[in-house]
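Data block below; observations after.
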Amino acid sequence: MATKTFASDDVSKANLVLEGKSAQAILRWALETFQERLTMATAFGAEGCCLIHMLAEIAPGTHIFNLDTGYQFPETLELRERIKQRYGIEVELVRPEQTPEEYEADHGGPLYRIRPDQCCHDRKILPLRRHLVGYEAWISAIRRDQTNHRAAASAVQWDGKFGLVKINPLLNWTRGDVWSFIIKNNVPYNLLHDRGYPSIGCWPCTQAVAEGGDERSGRWAGTLKKECGLHVIEHIGGSGI
């Protein structure tokens with residue numbers, strides 16, 4: 001893990017400086033502050049595509065990666081290719097140590113059906129933890145209005161779960177802001193959005209949502225689970241979401 005070189009008072013100062021600033025201004029601050037020690041994670045959601053578009057204009061060499069669990073929709077992986085064609089940015093695929101077939105064989109079948117939290121931990125949290133070694137900050141595309149956990153976030157924060165700074169440029173955006181930006185800038189997006197999927201994760205745990213329904217109600221539908229664990233509040237040597 002990166003060492004905690006960015007002190008808690010630095011986080012507070014950064015949030016004061018960036019209060020009311022645009023997402024692009026927050027990205028520029030992050031790039032100037034952390035330079036090559038900055039990375040971005042994307043699940044190729046609509047929000048992440050907005051940030052990729054911004055980074056393509058501001059700093060196209062920024063490292064961007066996707067946690068490829070082995071259970072992503074074909075449409076999600078196809079979007080990765082369209083992003084490469086549009087921006088010349090090849091998003092790195094970060095995978096677990098085991099293929100889905102190996103993982104399911106070890107556990108007597110798919111864990112996403114009976115222990116989805118463990119499946120998310122093994123196929124998302126652990127690969128992310130390994131991948132973030134050597135970085136000092138990462139960019140996420142969460143919005144404050146998505147879940148209760150995300151509502152407690154700030155534009156810049158210390159991420160105790162992964163041991164580095166987390167930057168949330170779109171925190172104060174709404175779903176309407178996201179789609180206005182996509183339409184205005186002709187940003188590539190996942191075609192599943194046009195088929196009733198407002199929030200897209202792994203195919204076994206994602207369903208279409210009825211018109212007007214909560215945008216995350218299709219994730220782990222029928223359960224209380226609404227997060228994979230990447231953005232859940234956890235206090236380990238500091239405050240993190």
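Computed from heavy atoms alone, side chains included, the values below leave out hydrogens, waters and symmetry copies. Here, residue 1 is the first one in the sequence, and each next residue gets the next number.
Side-chain contact, Glu92 with Asn66: no donor N or O sits under 3.5 Å from an acceptor N or O. A side-chain donor-acceptor contact under 3.5 Å links Asp194 and Tyr189. At a cut-off of 3.5 Å, with distance as the only test, no side-chain donor of Asp9 or Ser12 sits close to an acceptor on the other residue. Residues Glu19 and Asn15 bring no donor and acceptor atom of their side chains to less than 3.5 Å of each other.
Side-chain contact check for Val133 versus Arg130: every heavy-atom pair is 4.5 Å or farther apart. Side-chain contact between Phe65 and Leu128 is present, with heavy atoms from C-beta onward closer than 4.5 Å. Looking at Cys120 and Ile125, their side chains never come closer than 4.5 Å, going by heavy atoms from C-beta outward. Taking the side chain as every heavy atom from C-beta outward, Ile182 and Glu47 never approach each other to under 4.5 Å.
A search for salt bridge (charged side-chain N to carboxylate O under 4.0 Å, His left out) contacts involving Asp145 returns Arg143, not counting sequence neighbours. His53 pairs by the ring-ring contact (aromatic ring centres under 6.0 Å, His included) definition with Tyr87, Phe181, not counting sequence neighbours.
The closest donor-acceptor contact from the side chain of Arg113 to the backbone of Gly109 lies at 3.5 Å or more, if one exists at all. Proximity of a side-chain donor or acceptor of Ser180 to a complementary backbone N or O of Gly176 within less than 3.5 Å is detected. With hydrogens and angles ignored, the 3.5 Å screen pairs no side-chain donor or acceptor of Glu104 with any backbone N or O of Glu101. In terms of modelled atom types and a separation under 3.5 Å, the side chain of Arg123 and the main chain of Thr69 share a donor-acceptor contact. Within the 3.5 Å criterion, the main-chain N or O of Val187 finds no donor-acceptor partner in the side chain of Asn185.
Ion pairing between a basic and an acidic side chain is recognised when a charged N comes within 4.0 Å of a carboxylate O; Glu32 and Arg28 show no such pairing.
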### Task
Tell me, with the steps shown, if Asn168 and Gln157 meet side chain to side chain donor-acceptor pair (under 3.5 Å).
CA-CA 9 Å; Asn168 307 306; Gln157 61 192 96; 2.8 Å; yes
#### Entry: Intermediate values then yes/no, ring-ring contact (aromatic ring centres under 6.0 Å, His included), His107 and Tyr103
CA-CA 6 Å; His107 292 89; Tyr103 184 70; 4.5 Å; yes
### Task
Give the intermediate values and the outcome of side-chain contact (heavy atoms from CB on, under 4.5 Å) for residues Phe162 and Tyr135.
CA-CA 10 Å; Phe162 298 109; Tyr135 289 102; over 6 Å; no
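Just one of Val165, Ile167, Leu164, Leu27 meets the side chain to side chain contact (heavy atoms under 4.5 Å, CB included) condition when paired with Leu38; it is Ile167. When each of Ile139, Thr62, Ile64, Leu132 is paired with Thr39, the side chain to side chain contact (heavy atoms under 4.5 Å, CB included) condition holds for Leu132 and for no other.
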